[in-house]
Amino acid sequence: MEQNNFKETVLRISGVNPKKCMRCGKCSGACPNYDEMEFHPHQFVSMVENGEIEKLMTSPSVYKCLTCFACVERCPRQVEPAKLIEAVRLCVIRQAGQNHLKPDQIPEMLDEDLPQQAIVSAFRKFTK
Amino acid sequence: MTVSYYPGCTLKTKAKNLDLYARKCAEALGIALEEIPEWQCCGGCYPVAKDEIATKLSSVRALAAAKEKGQTLVTVCSACHNVIKRVNHDMQTDEEIRDKVNRYRAPDEPYEGETNVLHYIEMLRDLVGFDKIKEKVVNPLAGKKIAAYYGCLLLRPGKVMAFDNPENPSILEDFIRALGAEPVLYPARNECCGGYLTLEDPEIPKKRSETVLQSAQNHGAEVVTTACPLCLYNLQKNGGSEIPVVYITELLAEALGLK
Amino acid sequence: MQVEKNFEPTVVAFCCNWCSYAGADLSGNNRIQYPANVKIIRIPCSCRLNPMFILRAFQRGADGVILCGCHPGDCHYTSGNYFARRRMTLLFSMLSFLGIEKERCRVEWVSAAEGAKFAATMNDFVATITRLGENKKLEDLRCKK
Amino acid sequence: MQRIGVFVCWCGSNIAATVDVKKVAETLGKEPCVVYYENYQYMCSEEGQNKIINAIHEHKLSGIVICSCSPRMHEATFRRTAQKAGLNPYMVEIANIREQCSWIHKDMATATEKAIILGRAAIAKVHLNTPLQAGESPVVKRALVIGGGIAGIQTALDIADAGFEVDIVEKKPTIGGKMSQIDKTFPTLDCSACILTPKMVDVAQNEKIHIYSYSEVAAVKGFVGNFDVTIKRKARYVKEELCTGCGACTEKCPQKKVPNDFNLGLDNKHAIYIPFAQAVPKVATIDPDYCMMLKTGKCGVCSKVCAAGAIDYKQQDELVQQQYGAIVVATGYNPIDLKNYDEFAYSQSPDVVTSLEFERLTNAAGPTGGVLLRPSDRQHPHTIVFVQCVGSRESGEGCGKTYCSKICCMYTAKHAMLTREKYPDTEVYVFYIDVRTPGKNFDEFYRRAVEEYGVHYIKGMVGKVSPENGKLMVQASDLLDNKQLKIEADLVVLAAAIEPDPSARPLATMLTTQMDTNDFFTEAHPKLRPVESATAGIFLSGCCQGPKDIPETVSQASACAAKVIGLLAKDKLLGNPCVAESNELMCNGCSSCEKVCPYGAISYVDKEFKMPNRTIAVRRVANVNPAVCQGCGACTVACPSGAMDLKGFSNSQIMAEVDAICK
């Protein structure tokens, strides 16, 4: 039941229909960060469709996606895997106490050249 | 001609050169950049989820402010540009988001994506014209081999950004040509630099940025140029190369003799 | 309080033989559902539709009438659907002059390959007519059984 | 007063499962003038048709209503049935209770109720039907084949074989089409030219076949049996009848920098050229965009060297008028433009080629003389990556095609196999989504490529091709190993989707035939009439109807020829009797109908009328030529006085249907 709820949420907030996927794997062929991920873009699509959301939610892969949209741009069937990955990550960080990045971690990460943009973006991606 | 200008947070601090020369050059090219009063940070990343409303408001406020003045909204930071253009696209096409945003803001007149959003480089091409820039160049960057680095933010998603061919863009190369330099075409110019992951795990941007600079150098680049402060940071810090990385506005200012 | 019976509108669809009638057949071949309220009359071309037929249908109690033809430029008879389009534009202004909801009458271009579009169009049209309710303004009560 | 019979078909369970056929028959049996009703499992079967014939005889029926499948399916069948029973075939009406009722509804009560209403409408219409006689028109015993590829060639040869005249119109300077560019053919690996060129010679030598090469169809008028076609013969600046094809002009032509389209721009040709050695007709053509003489008036070398005096710089386009009984469309296909697939670096590296370009690179008559060399540095490639489904099988929201291009799996297996056979030191990778090999000996062929030739088939797709350091870095996924691969390739071959030739769309408009959303011509019936278009007299051959390989194209081409021969063998054709007719007594001579008629079927004549006071008045009235009228009905609505009506779809008939539905 829980699982179905997550699947529903992921589908709703991503606006993606994983059934459109024809399993060509072009997303994973395009992904620049493929080697850093446990689950790869094409797996996100099929695992969301199979309702295996929790497996994805506990994987560090959700924080490795660069949201560079290469998979979205090149998908021949307009499935938009990056939107699914984002939605799975949101399912995690929207839960109480699940922020991936905490403000008190920031100071040690800073260096003097680091642009604000990086901190702002990371906050938007990793916290709620 | 006067346009609304959205500088963004980083241009006020770490990327002052991007902002400073953007203003100077625009003035020299006959375009007044009118900074939007009390603009708010765009958030750095476009909120992808369909149920994100609050995170889109700052962009909508800037867009609506430009609409009120009847001006085009110009951004120069690639990230701000990506966020604002995509939020604008949502306001044009997604009825639910449009409705919720307008209910929340409750303005006199609802905002429905009327503002035209241009990146600074698009402004140079469409409002000024690269030909005119060529005429105004006093200090041509002749002989310099410059690699344009687009990254992901300017180009994708291609249909929404409508910036250039997302897999084989040419706008920055045309710009470089207008400045008298020689553009370098290399395949990694639209690959990601690793972005904000540098905060958590610099190893990833390191691999990505090294790939980008390697590819640029393989093809003979002497200088790399970008419009994004974070790309600049990653290429410089994580790129593992001494090759200079500069903002597009710095190149422009140099060629126009304003630096 | 009297419980109102579910309103089931009568919808007449005029379909050209070459594109839209074939499109309707295709939606049947693919088993794509649309409401039984829609009854199709086959005409050779959308330009065969005399606006009088539409008025007649309204007079006899139809709640909605839709004309489907080939896409502009694809007419089997080269130019018939262009004539149909002009005639229907005139009819629309006449209907609005008479105070009839313009949504009761519609033109759609459906090709022989667009079975799904045919069904979607009919679903949408029937939903629109159901929302509008019964056609009372043009119905001739003398024609009622 | 009509005597009407109603026949309700079950269509097995297709109708009977959702429509209470018995109830429909009984209810309709109570309609006025219905004197007989029946329901039967298969009305279209011989038994069913006999039931109809018997009922017509026994009950002296004057009109019948069949509640069955779509009239597009079996109207013609039941009309023949009626005729057999001595009833005029146009006294038959069909109520479509299958496609438009039983197949789209699930609830029996609703579907039955709708079927009854549809039946009532048909009964209401048949009340007003009148017997119609179809006019006859003669058949011109000559066929036109548009397109001179293998499809057009085969169709033309077969028609000519049956003794009829055939003209081939080919827009290129030679016939042969795509097959002439291909190196080898799957799955037998015989040489394409070796099996094609003899056929091309047969065409050239056949007395019944005339080739209009370098020509296009400019206009089509008329109808089945009597098409009137204007053919534009483009100026080739060479007199075809004088040129001997000796090639002296092409050798001497100083303009050598013309991209050779036959080799897909992989090398250059001269401004005056013969596309390839076995061209038919073997006649030179001048490319006006490059010829110095035509552009600047300075040169004239070819004219000086031509012993036959065939060069004519003043030649103009010429229009030829010709009559045909049947037209065959064989306009073929092209690979799509890859400008939207720059992730594969097609426009950035000469070493990324399409499969058709690869054919030329391996063809003995190609730019490299059959030695496989990379276009960039003319070096032998040691690693080749083939990418399948480029632009095929997409969602339709992007830039690609939604269909499978059908031929790519097999030709890629062929390319991979031939490469490994000729150059065993070459590593060959094929990235596939699915390998689709239905066809005789096809899967065996693909398996041979894998098992005997050691081609690496990888399930996955290439995400990016990056030209780096003279190599092509291919980044791709291997879905079965769940890995991302990075392959350093020397050559990348893209299996580009195929699409109909761009000339097809304007041609379809001229021929008033239908196309689907992909610009493939639509056949009259996807299963039962695959080589005819819905427009009588227009036939479809080859890839203009959908992607096909060579064997399939040839069989369709022959099937198409059989249909054409069947038509040309007739001396007379029965026309469509459902044509417009003007009531002279009501016609006010306004010319409204004449203006809207797309066929020019309406003319005006001055006619004498007896007036009530015994005088005679001459009035101008409309006159419809039933042989030219196609029955669209545009005139009936334009007519302000109501004089014009359409037989078979008359105002009163349609009104009766409206009334029956709205009751």
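Please read all numbers here as calculations on a predicted model, not as lab measurements. Heavy atoms only: backbone and side chains are in, while hydrogens, waters and symmetry mates are out. We name chains A, B, ... by the order of the sequence lines, and we start the count at 1 in each one.
- Listed by first then second residue, pairs satisfying salt bridge (Lys or Arg N to Asp or Glu O under 4.0 Å) with a partner in residues 120-130 of chain B read K85(B)-E122(B), not counting sequence neighbours.
- Residues satisfying the salt bridge (charged side-chain N to carboxylate O under 4.0 Å, His left out) criterion with R177(B), sequence neighbours excluded, are D174(B).
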Atom pairs (donor, acceptor) spanning chain B and chain D, under 3.5 Å:
unit_1  : atom_1 : unit_2  : atom_2 : d
K159(B) : NZ     : E397(D) : O      : 2.8
N165(B) : ND2    : D342(D) : OD2    : 2.8
N168(B) : ND2    : S347(D) : OG     : 3.2
P187(B) : O      : K464(D) : NZ     : 2.8
N190(B) : OD1    : K464(D) : NZ     : 2.6
E191(B) : OE2    : K464(D) : NZ     : 3.2
S215(B) : OG     : E468(D) : OE2    : 2.5
N218(B) : ND2    : E468(D) : OE1    : 3.1
H219(B) : NE2    : P467(D) : O      : 3.0

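- Counting heavy-atom neighbours within 6.0 Å of E112(B) CD, excluding the residue itself, gives a total above 12.
- Sorted by first and then second residue, the ring pair (Phe, Tyr, Trp, His ring centres under 6.0 Å) pairs with a member in residues 468-491 of chain D form an empty list; sequence neighbours excluded.
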